[in-house]
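Below is one structure, written out as structure tokens; the observations come after it.
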Amino acid sequence: MKSDKEDKHEEKRKLFERLFSEFKAIVAEGNTRDDTLASLCRLLKQRVPYYDWVGFYLVEAGNRLVLGPFEGEPTEHIRIEFGRGICGQAAERQKTILVQDVSTQSNYLSCSAAVKAEIVIPVFKHGILVAELDIDSHRLEPFAAEDREFLQRLCENLSVLF
Ligand code: SME
């Protein structure tokens with residue numbers, strides 16, 4: 001018999017497979033980049049219960065991020081210099097950053113006191129950083145390896161929009 005933990009991982013994998021198919025259908029509609037990104041934010045926020053804020057930051061002038069489409073509470077962090085906060089660090093390192101407990105971070109830009117965890121995934125076009133997907137959760141330690149794999153797969157498939 002499978003343990004509860006194994007069942008949970010299985011459930012996540014199934015949900016992410018379904019969402020990936022829906023994601024491909026959204027991209028195939030051929031809407032503008034920002035409409036497509038906005039639909040993707042809605043899809044993720046509505047269907048993954050612990051994704052409480054889902055948004056894109058776009059690279060501007062090669063050294064800062066500017067807020068693009070998002071779902072969730074408005075944020076004061078419209079522009080973020082590379083290196084600042086989790087988003088800016090992910091941009092500088094050009095790597096996914098997963099923080100299961102934001103209270104452990106000194107270089108962190110808070111959007112809301114309710115946020116407990118965050119994951120930021122870079123989007124590349126021809127090897128150049130063009131955007132980031134940023135997800136905040138109100139739960140502690142909400143992200144599993146499945147989340148990271150799914151979100152990275154999404155972001156790899158977003159290059160076509162840029
Ligand atoms: N927490 C982010 C800032 C962006 S908000 O989460 C929307 C950071 O530390 O970079």
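One is the number of the first residue; the rest follow in order along the sequence. Being a predicted model, the structure only gives us computed values, none of them experimental. Atoms within each ligand, like the ligands themselves, are counted from 1 in listed order.
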Within the structure provided, determine whether [X] and [Y] are in side-chain contact (heavy-atom separation under 4.5 Å).
X: Ser110; Y: Val115; answer: no
X: Leu65; Y: Glu132; answer: yes
X: Val99; Y: Phe143; answer: no

Taking the six-membered ring of Phe20 as reference, does the NZ or CZ atom of Arg153 fall below 6.0 Å from its centre and within a 45° cone about the axis?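 Yes, Arg153 lies over the aromatic ring of Phe20.
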Non-hydrogen atoms of Cys155 and Ile121 that approach each other most closely: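 Nearest pair, atom of Cys155 first, then Ile121: SG-CG2, 3.6 Å.
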Report yes if some N/O of Gly85 lies less than 3.5 Å from some N/O of ligand 1; otherwise report no.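 The answer is no, given that Gly85 and ligand 1 share no N or O pair closer than 3.5 Å.
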Ligand 1 N/O within reach of Glu118 N/O, cut-off under 3.5 Å: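 Indeed, backbone or side chain, Glu118 has an N or O that close.
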To which protein heavy atom is [atom] closest, and what is the distance rounded to 0.1 Å?
atom: atom 7 (C) of ligand 1; value: Cys111 SG, 2.9 Å
atom: atom 3 (C) of ligand 1; value: Leu109 O, 3.5 Å
atom: atom 8 (C) of ligand 1; value: Ile86 N, 3.3 Å
atom: atom 6 (O) of ligand 1; value: Asp136 OD2, 2.9 Å

As an exercise, identify every atom of ligand 1 less than 4.0 angstrom from a heavy atom of Asp134.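 Here the atoms of ligand 1 in question are 4 (C), 5 (S), 6 (O), 7 (C).
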Number the atoms of ligand 1 from 1 as they appear, then name those within less than 4.0 Å of a heavy atom of Tyr57, with their elements.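 Going through ligand 1 atom by atom, the ones under 4.0 Å from Tyr57 are 4 (C), 7 (C).
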Going by side chain to side chain contact (heavy atoms under 4.5 Å, CB included), Phe23 matches just one of Val27, Leu19, Ile26. Which one?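 So the option named by the test is Val27.
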Transitive ILVMFWY side-chain link Val54 to Val130, under 4.5 Å: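 Yes; Val130 is reachable from Val54 via cluster members.
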What part of Phe70 sits under 4.0 Å from ligand 1 if we count only heavy atoms: the side chain, the backbone, both or neither?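 For Phe70, there is no contact with ligand 1 at all, from either part.
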